[in-house]
Amino acid sequence: MLNIVLFGPPGAGKGTQSERLIEKYNLIHLSTGDIFRANIKGATELGNLAKSFMDKGALVPDEVTIKMLESEVNKHPEAKGFIFDGFPRTEAQADALDTFLAGRDTSITKMLALEVEESELRDRLAKRAETSGRPDDANPEVIQKRIDVYNAETAPVADYYRRQDKFHAVNGLGSIDAITQRLYNAID
Ligand code: AMP
């Protein structure tokens, strides 16, 4: 299996690039943010809970997020591999993912980390707000909070994969096609 963690701060381009990677490598795209948003739309219990954290730019608690992610993986027993987009966001999530995948006789192949500086992220998210319909893109304070949470809680997850020799940084600036090509090169 080819299991990729596509990592990076909010606005780095994880969603856009995931769509390209799943096509080329025939993978299942699991975006925890997208799954939460689908639950919010469907007014499920999970959606209501997630919304209270997402609206503030905070992380949804690990226990809830991990359980949801595992049940999504289990929906695809025939998968050739997965792209994890927006997960793991904490060391506890990374640990849980390793244990869970080991139980299925597989593991993370690589973490690809899209690197984009903060000023560019703020510009991209403000622009995305015009079309995304995401309340968490529309409020500069929430955007800042998401960037702060990323720096404090999520950025250290890179070290988790560095220790396993699986970390690979990718320049996230430039055209969408150029960045896709860098990701292909990193995988192949
Ligand atoms: P995203 O679509 O990846 O930008 O995620 C949007 C929001 O969903 C985040 O700001 C968090 O509130 C929540 N979220 C998504 N993935 C996770 C995760 N792995 N752990 C905790 N919260 C998450």
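Residues: numbered from 1 along the sequence shown. One-based numbering, in listed order, for ligands and for the atoms of each.
- Contacts of R104 classified as side-chain contact (heavy atoms from CB on, under 4.5 Å), with partners at least two apart in sequence or in another chain: V73, N74, F100, T106.
- In this structure, the protein non-hydrogen atom closest to atom 23 (C) of ligand 1 is F36 CE1, 3.8 Å.
- Atom 20 (N) of ligand 1 has its closest protein heavy atom at Q93 NE2, 2.9 Å.
- The closest approach between a heavy atom of G57 and any atom of ligand 1 is not below 4.0 Å.
- Heavy atoms of R37 approach ligand 1 to within less than 4.0 angstrom.
- Looking at K24, its side chain never comes within 3.5 Å of a backbone N or O of Y184 through a donor-acceptor pair.
- The side chain of T65, and not its backbone, has at least one atom closer than 4.0 Å to an atom of ligand 1 (non-hydrogen atoms only; side chain from C-beta on).
- A donor-acceptor pair under 3.5 Å is absent between the side-chain atoms of R128 and the main chain of D137, judged by distance alone.
- The contact set between ligand 1 and A58, taken as ligand atoms under 4.0 Å from a residue heavy atom, comprises 11 (C), 12 (O).
- If you check which protein heavy atom lies closest to atom 16 (N) of ligand 1, you get T32 OG1, 2.7 Å.
- Residue contacts with ligand 1 for R134 involve side-chain atoms from C-beta outward but no N, CA, C or O (heavy atoms, distance under 4.0 Å).
- Between the side chain of R182 and the backbone N or O of N171 there is at least one donor-acceptor pair closer than 3.5 Å.
- Any N or O atom pair closer than 3.5 Å counts here, and G86 shares at least one such pair with ligand 1.
- Contacts between P61 and ligand 1 below 4.0 angstrom, taking non-hydrogen atoms only, are absent altogether.
- At the shortest separation from atom 13 (C) of ligand 1 among protein heavy atoms lies M54 CG, 3.7 Å.
- The protein atom (non-hydrogen) at minimum distance from atom 15 (C) of ligand 1 is R89 NH1, 3.2 Å.
- Closest to atom 22 (N) of ligand 1, if we only count protein heavy atoms, is V60 N, 3.0 Å.
- Atoms of ligand 1 found under 4.0 Å from any heavy atom of R146 (numbered from 1 in listed order, with element): 4 (O).
- K56 and V142 get closest at one heavy-atom pair: C-CG1, 4.1 Å.
- With a 6.0 Å radius and a threshold of 12 heavy atoms from other residues, nucleotides or ligands, I176 has its CD1 atom at or below the threshold.
- At a cut-off of 3.5 Å, with distance as the only test, a side-chain donor of D188 or Y25 sits close to an acceptor on the other residue.
- A distance-only check finds no donor-acceptor pair linking the side chain of E153 to the backbone of E91 [under 3.5 Å].
- Using bins of under 30°, 30° to 60° and over 60° for the plane-to-plane angle, the ring pair F7/Y150 lands in the tilted bin.
- By the 4.0 Å heavy-atom criterion, K14 is excluded from the residues contacting ligand 1.
- Residue pairs meeting the side-chain hydrogen bond (donor to acceptor under 3.5 Å, both in side chains) criterion with at least one member in residues 108-117, sequence neighbours excluded, do not occur.
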